Trainee: 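Got a structure here, written out as structure tokens. Questions coming.
Owing to the predicted nature of the structure, the values given are computational and were not obtained by experimental measurement. The first residue in the sequence is number 1, and the count goes up from there.
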Amino acid sequence: MGPPSYLGHDATAGVKARGSRGKAASTWPTAVPMLMVLALIVVGLLLISQSHWRRGAASIAGAVSLAALLRLFVAPEKLGPLVVRSKPFDIGFCVLVAFFLIALGSGWLGSDD
């Protein structure tokens with residue numbers, strides 16, 4: 001008996017990829033890029049919470065830029081949840097968000113403080 005058809009994917013793929021000890025074979029390499037991006041976002045949020053919102057916005061812009069660079073140069077199998085849509089869409093969206101955060105933090109949008 002196979003997986004339910006409404007899942008749209010092979011539900012047994014995770015079982016096939018597991019090693020002899022029952023752990024996922026490629027969990028660590030997939031987690032590293034996501035953890036790097038999340039670490040920069042956490043730093044940015046901490047800076048914002050300490051009233052350094054411009055530095056926090058710059059840190060989050062760096063995280064989004066890192067996500068775009070990772071999406072550009074790293075294979076999708078290694079990125080895990082950083083792959084959302086097609087490569088051009090993911091890169092374009094990340095660049096757009098990073099540009100907006102840089103513009104917001106630098107005052108290009110007319111914010112006084």
Side-chain angles (χ1 to χ4, degrees):
M1 183 170 167
S5 61
Y6 61 85
L7 290 177
H9 67 283
D10 186 8
T12 61
V15 176
K16 293 175 187 174
R18 294 183 188 276
S20 61
R21 294 188 178 183
K23 295 181 181 177
S26 64
T27 302
W28 179 250
T30 303
V32 171
M34 187 67 184
L35 289 175
M36 292 181 342
V37 172
L38 284 176
L40 281 174
I41 290 173
V42 168
V43 168
L45 292 175
L46 286 173
L47 287 168
I48 290 171
S49 71
Q50 296 174 356
S51 299
H52 299 291
W53 67 270
R54 289 181 191 254
R55 291 179 188 168
S59 177
I60 295 173
V64 176
S65 299
L66 176 63
L69 286 173
L70 288 170
R71 184 68 171 107
L72 181 63
F73 293 115
V74 179
E77 300 84 34
K78 302 278 185 187
L79 293 178
L82 289 178
V83 176
V84 178
R85 303 225 183 247
S86 68
K87 184 182 270 192
F89 179 85
D90 286 346
I91 294 169
F93 183 76
C94 287
V95 167
L96 184 68
V97 170
F99 178 76
F100 175 74
L101 287 169
I102 290 169
L104 179 69
S106 66
W108 290 348
L109 299 178
S111 60
D112 290 339
D113 197 30

Trainee: Could you tell me which non-hydrogen atom of Leu70 sits nearest to which non-hydrogen atom of Pro33, and how far apart they are?
Mentor: CD1-CB, 3.8 Å
Trainee: Should Met36 and Leu45 be regarded as members of a common hydrophobic cluster, given that ILVMFWY residues are connected when their side-chain heavy atoms come within less than 4.5 Å of each other, either directly or indirectly?
Mentor: yes
Trainee: Applying salt bridge (Lys or Arg N to Asp or Glu O under 4.0 Å) as the test, list every pair that has at least one member in residues 39-51; sequence neighbours left out.
Mentor: none
Trainee: Using 0.5 Å steps for rounding, measure from the CD1 atom of Ile60 to the OG atom of Ser65.
Mentor: 12.0 Å
Trainee: Please determine whether residues Val42 and Met34 belong to a single hydrophobic cluster, defined as Ile, Leu, Val, Met, Phe, Trp and Tyr linked transitively by side-chain heavy-atom distances below 4.5 Å.
Mentor: no
Trainee: Cluster partners of Phe73, using ILVMFWY side-chain heavy atoms under 4.5 angstrom, listed by chain and number?
Mentor: Leu69, Leu72, Ile91, Val95
Trainee: So do Val74 and Leu82 actually touch side chain to side chain, heavy atoms under 4.5 Å?
Mentor: no
Trainee: For residues Val83 and Val97: do they belong to one hydrophobic cluster (side chain heavy atoms under 4.5 Å, members Ile, Leu, Val, Met, Phe, Trp, Tyr)?
Mentor: yes
Trainee: Check for a donor-acceptor pair, side chain of Ser49 on one end and backbone N or O of Leu46 on the other, with a separation under 3.5 Å.
Mentor: yes
Trainee: So which heavy atom on Gly44 is nearest to which on Ser59, and how close?
Mentor: N-OG, 3.4 Å
Trainee: Is there a chain of hydrophobic side chains (I, L, V, M, F, W, Y, each step under 4.5 Å between heavy atoms) that links Leu47 to Trp53?
Mentor: no
Trainee: Of all heavy-atom pairs between Ala57 and Gly105, which one has the smallest distance, and what is that distance?
Mentor: CB-CA, 4.4 Å
Trainee: Locate the shortest heavy-atom distance separating Ala63 from Leu40; write the atom from each residue and the value.
Mentor: CB-CB, 3.5 Å
Trainee: Is Ile41 reachable from Val43 through a run of hydrophobic residues whose side-chain heavy atoms are each under 4.5 Å from the next?
Mentor: no
Trainee: What residue pairs, at least two apart or across chains, pass salt bridge (Lys or Arg N to Asp or Glu O under 4.0 Å) with a residue in residues 57-71?
Mentor: Arg71-Asp90
